[in-house]
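Everything below concerns the one structure shown next.
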Amino acid sequence: KIGRLAKRFGVTVRPMRRDDFDADVQRIKQIYNDAWEKSWGFVKMTDAEFEHLAHDLKRMAELDLILLAEVKGRPVGLSITLPNINEAIKPLNGRLTTFGLPIGLGRLLYNMRHIQTGRLAVLGIVEGFRRRGIAEMLILQTLDYGKNVLNYAGAELGWTLEDNDMINRTIERVGGKRYKTYRLYNKKIV
């Protein structure tokens with residue numbers, strides 16, 4: 001079904017290119033600004049903020065898990081999946097040093113090479129291209145790469161708004177299950 005949708009709408013999904021990194025950063029910025037423009041709490045990043053974030057991402061991310069969806073060359077979708085560094089951090093019990101020695105830091109670096117899960121941190125589709133299976137294509141390609149290339153045992157596709165039915169249904173369609181709900185409450189302080 002996904003292949004038919006890709007063909008029908010002319011969608012291409014590809015990983016971020018190392019040799020065209022700066023141009024892909026601009027494409028990602030365009031998708032980011034267009035896809036989240038009407039989202040609750042959205043604030044556009046400055047060019048400097050975005051470039052700083054992108055270069056940090058380049059150091060810590062597997063670029064093959066940063067996917068762009070394009071329709072006839074136009075960037076319309078984005079997913080960014082990161083290794084779940086919580087797996088590497090948890091065994092340290094909050095300590096990078098023991099007796100003043102960076103033993104915990106060494107353990108952290110070792111643990112980073114043995115991460116078994118990924119976290120889908122960003123998933124956005126430009127308005128006008130939603131409901132075309134693009135989000136599903138991005139998620140499924142990410143899961144396939146994580147499982148078959150990185151040998152990940154699982155993934156988290158969380159941090160979505162509870163009332164964002166469109167993305168929550170998309171996650172359910174690709175096999176995701178809700179296991180937590182965070183809520184924001186508002187109370188007037190007198």
Side-chain angles (χ1 to χ4, degrees), residues 1-2 4-17 20-58 60-61 63-82 84 118-143 146 155-189:
K1 184 177 179 180
I2 296 296
R4 283 188 310 213
L5 286 170
K7 192 173 184 178
R8 179 177 172 199
F9 294 113
V11 179
T12 305
V13 174
R14 66 169 179 84
M16 189 168 189
R17 297 183 186 125
D20 200 18
F21 183 81
D22 292 330
D24 273 352
V25 167
Q26 292 306 311
R27 291 178 188 98
I28 289 169
K29 185 171 110 182
Q30 179 184 345
I31 295 167
Y32 172 79
N33 287 332
D34 292 348
W36 283 277
E37 184 176 43
K38 295 179 183 175
S39 294
W40 176 82
F42 173 77
V43 177
K44 279 189 177 182
M45 282 193 237
T46 66
D47 290 341
E49 288 172 322
F50 206 89
E51 287 177 25
H52 178 75
L53 180 65
H55 289 284
D56 281 350
L57 192 62
K58 185 177 184 179
M60 66 183 279
L63 291 186
D64 288 325
L65 288 177
I66 301 174
L67 301 177
L68 287 95
E70 298 172 328
V71 173
K72 298 178 184 164
R74 177 182 175 196
V76 298
L78 163 71
S79 73
I80 299 174
T81 303
L82 303 171
N84 186 359
R119 294 181 67 137
L120 182 69
V122 176
L123 177 66
I125 309 299
V126 173
E127 198 169 336
F129 292 90
R130 297 175 182 153
R131 299 180 193 262
R132 294 187 183 189
I134 296 172
E136 290 87 342
M137 284 186 261
L138 291 166
I139 293 169
L140 290 172
Q141 186 165 326
T142 297
L143 292 174
E156 181 174 322
L157 300 117
W159 287 43
T160 65
L161 295 175
E162 182 180 18
D163 61 351
N164 188 341
D165 294 326
M166 188 184 310
I167 195 63
N168 291 326
R169 280 194 306 265
T170 297
I171 291 170
E172 288 173 10
R173 278 195 299 271
V174 298
K177 294 181 182 19
R178 179 182 297 195
Y179 70 98
K180 284 184 192 174
T181 301
Y182 296 100
R183 291 201 170 96
L184 297 175
Y185 293 93
N186 187 10
K187 181 177 181 180
K188 188 173 182 178
I189 299 176

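Between D24 and R14 a salt bridge is recorded (basic side-chain N to carboxylate O distance below 4.0 Å).
When every heavy atom of P75 is checked against every heavy atom of V126, the shortest pair comes out as O-CG2, 4.2 Å. G124 and I31 make their closest contact through O-CG2, 4.0 Å (heavy atoms, listed as atom of the first residue, atom of the second, distance). In terms of heavy-atom proximity, L120 sits nearest to S79 at CD1-CB, 3.8 Å. Considering every non-hydrogen atom in both Q141 and P15, the closest pair reads NE2-CD, 4.5 Å. For K58 against L63, the heavy-atom pair with the smallest separation is CA-CD2, 4.4 Å.
Separating the CD atom in E156 from the CD1 atom in I171 is a distance of 9.5 Å, to the nearest 0.5 Å. Interatomic distance, L157 CG to N168 CG, rounded to the nearest 0.5 Å: 10.5 Å. Atom CD in E136 sits 9.0 Å away from atom CG in L138 (nearest 0.5 Å). For the atom pair L123 CG and I134 CD1, the distance stands at 10.5 Å (nearest 0.5 Å). Residue M45 holds its CE atom at 11.0 Å from NE2 of H52, rounded to the nearest 0.5 Å. In this structure, OG1 on T12 lies 12.5 Å from CG on L67, to the nearest 0.5 angstrom.
More than 12 heavy-atom neighbours from other residues, nucleotides or ligands sit within 6.0 angstrom of NE2 on H55.
Using a 4.5 Å heavy-atom cutoff, the side chains of L57 and L82 are in contact. Taking the side chain as every heavy atom from C-beta outward, E51 and D22 never approach each other to under 4.5 Å. Residues R132 and I125 have side chains not in contact (no heavy-atom distance under 4.5 Å, counting atoms from C-beta outward).
For the pair R119 (side chain) and N84 (backbone), a donor-acceptor distance under 3.5 Å is absent.
For the ring-ring contact (aromatic ring centres under 6.0 Å, His included) test, residues two or more places apart in sequence or in another chain that qualify with Y32 are W36, F42, F50.
Residue pairs satisfying the salt bridge (Lys or Arg N to Asp or Glu O under 4.0 Å) criterion with at least one member in residues 37-49, sequence neighbours excluded, are listed as follows: K29-D47, K38-E127.
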